Amino acid sequence: MPLSKRPTLTQFLIEQRRRYPTATGDFNALILDVALACKAIARSVSHGALGDMLGNHGDDQASINVQGETQKKLDVISNDIFIKSNEWGGHLAGMASEEMDGPYPIPKNYPQGKYLLVFDPLDGSSNIDVNVSIGTIFSVLRAPQSVIDAGREVVSEDFLQPGAQQVAAGYALYGPTTMLVLTVGTGVYGFTLDPNLGEFKLTHEKIQIPADTQEFAINASNSRFWEQPVKRYVDECLAGKTGPRAKDFNMRWIASMVAEAHRILMRGGVFLYPRDTKDPSKAGRLRLLYEANPIGMIMEQAGGRASTGREAMLTVQPTELHQRIGLVFGSKNEVERIERYHAEPSPAQDDANPLFSERSLFRD
Ligand code: AFP
């Protein structure tokens, strides 16, 4: 399709809005403010060392975020860009971010709106200084009626909504091209930034993930911490044609979840960052509200599946703002297989019931 014929993000949103005659345009304006923030982050990321953007925030006095992780300069810059682009529009009652301890109430000098915006402003920070693709992840929820009616300040509890209640989710991928991948509940659409126009143009309509795959992504350096079902799944992938899967697999690990998610959307695959025993105080590495849920909505809307390994991700009831969780997503049949392995009796139970012993040919 010639570039001139490709709808812009604005045109796409207006055409989607026509399905809802009572729509006020608030939602569309919010998505466009988010898209503007992503364009500004893309610009900062593209300058890299030229823009004094690399390295840790606070330079010699490195700052640590609520996650206990060293903040990169671009983490803080990206968070500020998101706040400044979205606080003034009158569409939000509040925001929450990986980079902020608590929720961000809309300043009194701006009107308060009916949505909540939750985001990881820059995911994959460990890749910034080595010029590997990174991304932004965002999720839109409805503010509780009590916030809208009373106009009260948001509190953390207002954000603790299951992923199935998201009204929109998406990510920006800062790679060879800058892309915005978005779902508003009617499928998954990809927009590529036209650097000459400064506009996101529709390039991928109704993305569908292949139900099967021969590609898995996991950080194999954690294998000694994995639970048995994950060990079994990975062992069977590694066994390839010679094992129970009777086909060879390929492995990938970029350490930027947005890049992995995009590859899986484009050609299938499965991503695992499971709950493991590496740090018993953490229920997983990834965060539920602004990583697992938005990526989960994208995956489910594209015909894939997102799971904790034991249950559907979008059904999980959050208990805290920065809650961590085990995450498996991608090709539906592969994620369901991993869930089946988690549902089978664990080895401890097997000792009592040898009949239920692991069927894998590769027991430890
Ligand atoms: P950072 O933003 O701290 O680099 O974490 C990125 C991430 O949350 C996710 O995008 C990656 O898939 C995962 O962590 C990489 O984790 P490992 O560094 O343990 O492989």
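These figures come from a predicted structure and were not determined experimentally. The figures here come from the full heavy-atom set of this structure, side chains too, leaving out hydrogens, waters and symmetry mates. One-based numbering along the sequence shown. Counting convention: from 1, in listed order, for ligands and their atoms alike.
Listed by atom number, the atoms of ligand 1 under 4.0 Å from Leu286 heavy atoms are 7 (C), 8 (O), 9 (C). Taking a cut-off of under 4.0 Å to the non-hydrogen atoms of Ser126, the atoms of ligand 1 that pass are 4 (O). Residue contact check: Met257 has heavy atoms under 4.0 Å from atoms 9 (C), 10 (O), 11 (C), 12 (O) of ligand 1. Taking every non-hydrogen atom of Glu291 and a distance limit under 4.0 Å, the qualifying atoms of ligand 1 come out as 8 (O). Ligand-side atoms of ligand 1 in range of Phe271: 12 (O), range being under 4.0 angstrom from any heavy atom.
Using a 4.5 Å heavy-atom cutoff, the side chains of Ile137 and Phe119 are not in contact.
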Determine whether Ser125 and Asp75 satisfy the following criterion, side-chain contact (heavy atoms from CB on, under 4.5 Å), listing intermediate values before the conclusion. CA-CA 7 Å; Ser125 307; Asp75 281 326; 2.6 Å; yes

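Phe271 has its ring centre less than 6.0 Å from the ring centre of Trp253. The aromatic ring centres of Phe191 and Phe12 sit less than 6.0 Å apart.
Any N or O atom pair closer than 3.5 Å counts here, and Gly124 shares at least one such pair with ligand 1. For a threshold of 3.5 Å applied to N or O pairs, the pair formed by Asn222 and ligand 1 contains no separation below that value.
Looking at Asp212 and Ser331, their side chains never bring a donor and an acceptor atom within 3.5 Å of each other. In the model, Thr136 has a side-chain atom that pairs as donor or acceptor with a side-chain atom of Tyr174 under 3.5 Å.
Ligand 1 lies less than 4.0 angstrom from a heavy atom belonging to Arg287.
Counting heavy atoms closer than 4.0 Å to ligand 1, residue Ser256 contributes backbone atoms (N, CA, C, O) but none from C-beta onward.
A salt bridge does not link Glu227 with Lys231: every distance from a Lys NZ or Arg NE/NH1/NH2 to an Asp or Glu carboxylate oxygen is 4.0 Å or more.
Take Tyr171 and apply the ring pair (Phe, Tyr, Trp, His ring centres under 6.0 Å) test, not counting sequence neighbours, and it matches His262.
Annotation: atom 10 (O) of ligand 1 to nearest protein heavy atom, Asp123 OD2, 2.5 Å. In terms of protein heavy-atom proximity, atom 5 (O) of ligand 1 is nearest to Arg285 NH2, 2.9 Å. Among all protein heavy atoms, the one lying closest to atom 19 (O) of ligand 1 is Tyr273 OH, 2.6 Å.
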